[in-house]
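Order of the sequence lines fixes the chain letters, A, B, ..., with proteins taken first and strands second; residue numbering starts at 1 for each chain. Computed from a predicted structure; not experimentally measured.
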Amino acid sequence: MNAVEIEEAISALAELPFDGGEFPFAFLQAFGNKDATIKRLRAGASNSSDLGGVLQRNHIHIAVCVPGAATAALAALKVSPATTKAKARFILATDGVAFEAEDLDTGETVACTYADFPNHFGFFLPLAGITTVKQVRESSFDIRATGRLNRLYVELLKDNPDWGAADRRPDMNHFMARLIFCFFAESTDIFFGDDLFTATVAQMGAKDSSNTHEVIGTLFRAMNTKIEDRAAANIPRWADAFPYVNGGLFSGSMDVPRFSRIARSYLIHIGGLDWKKINPDIFGSMIQAVAEDEERGALGMHYTSVPNILKVLNPLFLDDLRARLDEAGDNPRMLLNLRKRMSRIRVFDPACGSGNFLVIAYKQMREIEATINSRRGEPDRRSEIPLTNFRGIELRSFPAEIARLALIIAEYQCDVLYRGQKEALRDFLPLDAENWITCDNALRLDWLSVCPPTGTGVKHQADDLFHTPLDQAQIDFVNEGGETYICGNPPYYGSRKQTKHQKDDLLQLCGKRIPKWKSLDYVAGWFLKGKDYIERQPATFAFVCTSSNCEGLQVSVLWKEILQGGIHITFAYRPFKWANLATNNAGVTVNIVGVSNLVSRSDRKIFDGGQVRSVNNISPYLLSTSNIFVDTSPKPLSQLSPMITGSMPRDGGHLILSFDEAAELTHAHPHAADFIRPYVGTDELIKGNQRQCLWIEDDQLSVATTVPYIANRLEKVRLMRTESPLDSTQEFADRPHRFVYLAGQSRSHTIGVGGVSSESREYLPVALFDKRAVLSNLAYALYDAPVFSIALIASRLHLVWIATVCGKLETRYRYSNTLGWNTFPVPTLTEKNKADLTRCVEDILLAREAHFPATIADLYDPDNMPPDLREAHERNDEVLERIYIGRRFRNDTERLEKLFELYTKMTAEAGVGKKRKVSAA
DNA sequence: CATCCGACAAAGA
DNA sequence: TCTTTGTCGGATG
């Protein structure tokens, strides 16, 4: 169950008459417990309460008590030994009138009336396994409103199927935005009278809902018509109570979808909520899923938490504004200048979604402005920060509508907060600002037309015919001489996960100027657009992006193009895990990169795990080195043996045998052993699992297929390959006994290197295999290579290199032959060097042997590494590092610097010409 | 032919 | 349920 479903269930429970015996079970059910779980609790089997209540292990202890005893009951729960023993996180006591609860982990408490407890359901969300940021837990209203609007939206689409078609969706979305505005307006004093809108719809509309759409249409028309013009426009008197709103919100098509009885009752119900409590940032990101048919089940998936948004906005410009504020102290002149400066700052989010970043930026700036005004003794002064300076581009029409609305609401709420209700109301209507959110494709649009250079009115141009740009986007900014800050969290799609249309977006953007552009993530498009923008209008942009945008292959592809002509990275957050509202958010690892071509400030900052470091330069790997791009190399640049990717079966698993399967087969058919070989991927290499594979040479085929089991397996491979959508797989359908990609064969021995390895290991996984072993495409192979190669791979130096220049899987090390091995700089080795290193390898292998049958995973567990193995590695590092610089390196930074220096020299000498150094200034 | 990657995915604790 | 840690094979060069 997601948060919205839980909210609905809890609200439904609270509306039922209170039944003390039933309440604990109903409560647990509402939080998504399975029927079987409830049954066991009911039967008492899993109920360990010592107070006659209901106690669910690790979760909650609930007691229903006699009237007036809730507080005492809660106290009893708290000291109950059973509560402690069962490690209950929550305790809850109610008598049906009062409701009290405590989160024993955090010490937070809830005390309210029983009827009111659904308003605190966010408090209990951990019960459903939903661990989420505080802001969301405390946003019961937003979750509730989202759920209700979601239901209304679905219901209306059911009643008006034509509104669901692509060409009517924008109308539908605009309609929803108007409704939300009305709900907000009637809950605040923007509309006079309590629930004016909902009440009018309820009273004027027929109970059978036949004319609901007409009533709403009339109200919308009224709000789009000045009071003095209403009589002429034939607007009935009962709509007079509604103010003139305008602001583009009520302009355009006045069509209203038809309402069924159910839809009408939903609408009236939603109107009953207290919309004052809306958080425009949180609500917006939750509500945007409503219009996406496929996302509706996962409300809140795209929530970007406020702390994460501030990770972008603070270093981008808010920190600086606050520093200036501190500097100004009470000096009226300096405060005035800062206020003037802020009034001309433009914030532009070219992937704005429902306007999260813009809303937060606006609120933060209003907070600073309020401090200025209060220090200057002008507390209720009207804000000089124009909403029109907060601009966005959003592809989907519903979020675009919501973004505009969210900003309007944020402005009103800021006015109430800083200037008071009266001042806020006086200035609110009619909405004078037009539209700052352009609904269009950000990668197809000239950003200068949406966010034009200071003082010029560039016309909006789009070459995408699917989206009609809105005229209002052409209005000028109030920002003469002002600064521009571009920010956002654009969508990510890996190079192979893009749709045709998305690929085309990148094609027109960089097809002509970037070799290998097809390897880029979709998010790279925003960085390129940002670069194109600041080249013409110097500025700074900062985006959240998938970590691979600054790793491995993509570094040289993307960043060589961006870091030109004085453009540099001004700040960066090293990769961190993104969090959303999903229960099991495996999520994604992201980083944040700020790019600028303004006169460089000396303080470039790298944020890494709560630490901040000021550095002189930030490389595209987001490290404080100079800008070096390591490109793939088809063969080793140093004197190293060739390393190849292991063989790829593309067999649907049918050529692979488990240890048992292989044993059974050879038991039944001893000669089948000829066709069975050990199969080694990363998992086998690290964990020592044993898998086998069928490996049949062409000339063995007829013999092999006499074994029915093998023939059967091969037939399955053939089928799987025939059904593959990929030509290169289909090609091999008639040769099912063969792996699709063969990595060659070894004559004496094979050195295998893991393709992925946990970042907690201090050395990369590498092992020696006999010649029969088949390395899978998830491992890399050195055939018949000198054993000292292992000394290099297993060294700290190599790990540092791989960690820096190769890709990652989330945060794990991901090996690559072309990117990591072939580029690894090694000084020329003498025969003595090689002999020394070989001895080191022997020591390492002997130390491993001594702990047989421990696997690499066991041996290289950083907390439990056997001392003799660790010593062997230390000696290996010692010998190798002496070859590089005549002593041990002090730290990884020094290792990397030396490696980069050698790499630069190597690529320059070899004339490979891959190296390009871009001025850091 | 030969990779590099995944708004991840499955196994393990 | 949360933590840990690497499958598999497609799209791309």
From [options], pick the nucleotide closest to the side chain of [X]?
| X | options | result |
| --- | --- | --- |
| A:R738 | B:dC1, B:dC4, B:dA7 | B:dC1 |
| A:L778 | C:dT7, B:dT3, B:dC4 | C:dT7 |
| A:T632 | B:dG6, C:dG9, B:dC4 | B:dC4 |

Mind calculating the distance between [atom1] ([X]) and [atom2] ([N]) to the nearest angstrom?
| X | N | atom1 | atom2 | result |
| --- | --- | --- | --- | --- |
| A:K808 | B:dC5 | NZ | P | 11 Å |
| A:I644 | B:dC4 | CD1 | C1' | 17 Å |
| A:N777 | C:dC8 | CG | C1' | 7 Å |
| A:L685 | C:dT5 | CG | C1' | 15 Å |
| A:Y813 | B:dG6 | OH | P | 18 Å |
| A:K518 | B:dC5 | NZ | C1' | 16 Å |

_Using the ring-ring contact (aromatic ring centres under 6.0 Å, His included) criterion, which residues pair with A:Y783? Sequence neighbours excluded._
none
Does [N] have its OP1 or OP2 closer than 4.0 Å to a side-chain nitrogen or oxygen of [X]?
| X | N | value |
| --- | --- | --- |
| A:R691 | C:dC8 | yes |
| A:N817 | B:dT3 | yes |
| A:S728 | C:dA11 | no |
| A:S816 | B:dC4 | yes |
| A:T645 | B:dT3 | yes |
| A:T729 | C:dG10 | yes |
| A:Y741 | B:dA2 | yes |
| A:K503 | C:dT12 | yes |
| A:K497 | B:dC5 | no |

Once you apply a heavy-atom cut-off of 4.0 Å, does [X] come out as touching a base, just sugar-phosphate, or nothing?
| X | answer |
| --- | --- |
| A:P765 | nothing |
| A:R721 | nothing |
| A:L819 | nothing |
| A:D651 | sugar-phosphate |
| A:P491 | base |
| A:S757 | sugar-phosphate |
| A:G652 | sugar-phosphate |
| A:F732 | sugar-phosphate |

May I have all residue pairs that pass salt bridge (Lys or Arg N to Asp or Glu O under 4.0 Å) and include part of [range], sequence neighbours excluded?
| range | result |
| --- | --- |
| residues 729-744 of chain A | none |
| residues 508-520 of chain A | A:R513-A:D532, A:R513-A:E561, A:K516-A:D631 |
| residues 719-729 of chain A | none |

Taking the six-membered ring for Trp, is the centroid-to-centroid distance between [X] and [Y] below 6.0 Å?
| X | Y | result |
| --- | --- | --- |
| A:F543 | A:F541 | yes |
| A:W801 | A:Y903 | yes |
| A:W695 | A:Y679 | no |

*asked:* According to side-chain contact (heavy atoms from CB on, under 4.5 Å), who are the partners of A:K808, at least two apart in sequence or on a separate chain?
replied: A:E551, A:Y813
*With sequence neighbours excluded, residues passing side-chain contact (heavy atoms from CB on, under 4.5 Å) with A:K716*: A:H654, A:N712
Run the side chain to side chain donor-acceptor pair (under 3.5 Å) test against [X] and tell me which residues pass, sequence neighbours left out.
| X | result |
| --- | --- |
| A:K687 | A:D683 |
| A:R814 | none |
| A:R574 | none |

_Quick check with a 6.0 Å cut-off and a 45 degree axis cone: is A:K311 positioned over the face of A:F576's six-membered ring?_
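Judged by the rule (NZ or CZ under 6.0 Å from the ring centre, within 45° of its axis), A:K311 counts as positioned above A:F576.
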_I'd like to know if A:R496 reaches the base of C:dG9 with its side chain such that a donor and an acceptor end up less than 3.5 angstrom apart._
no
For nucleotides 11-13 of chain B, list the nitrogen or oxygen atoms of the protein found under 3.5 Å from its nitrogen or oxygen atoms, one pair per line.
none

*Using heavy atoms to find the nearest nucleotide of DNA chain B for A:E731 and A:D521 separately, return the residue whose nucleotide is more 5′.*
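The answer here is A:E731.
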*What is the distance from atom CG of A:L507 to atom NE2 of A:H501, rounded to the nearest 0.5 Å?*
11.5 Å
*Dot-bracket for DNA chain B: what is it, with Watson-Crick or G-U pairs under 3.5 Å, [ ] where a pair crosses earlier ones, and | for a pair to another strand?*
||||||.||||||
*Which parts of residues 542-553 of chain A get close to DNA chain C, meaning a heavy atom less than 4.0 angstrom away?*
none
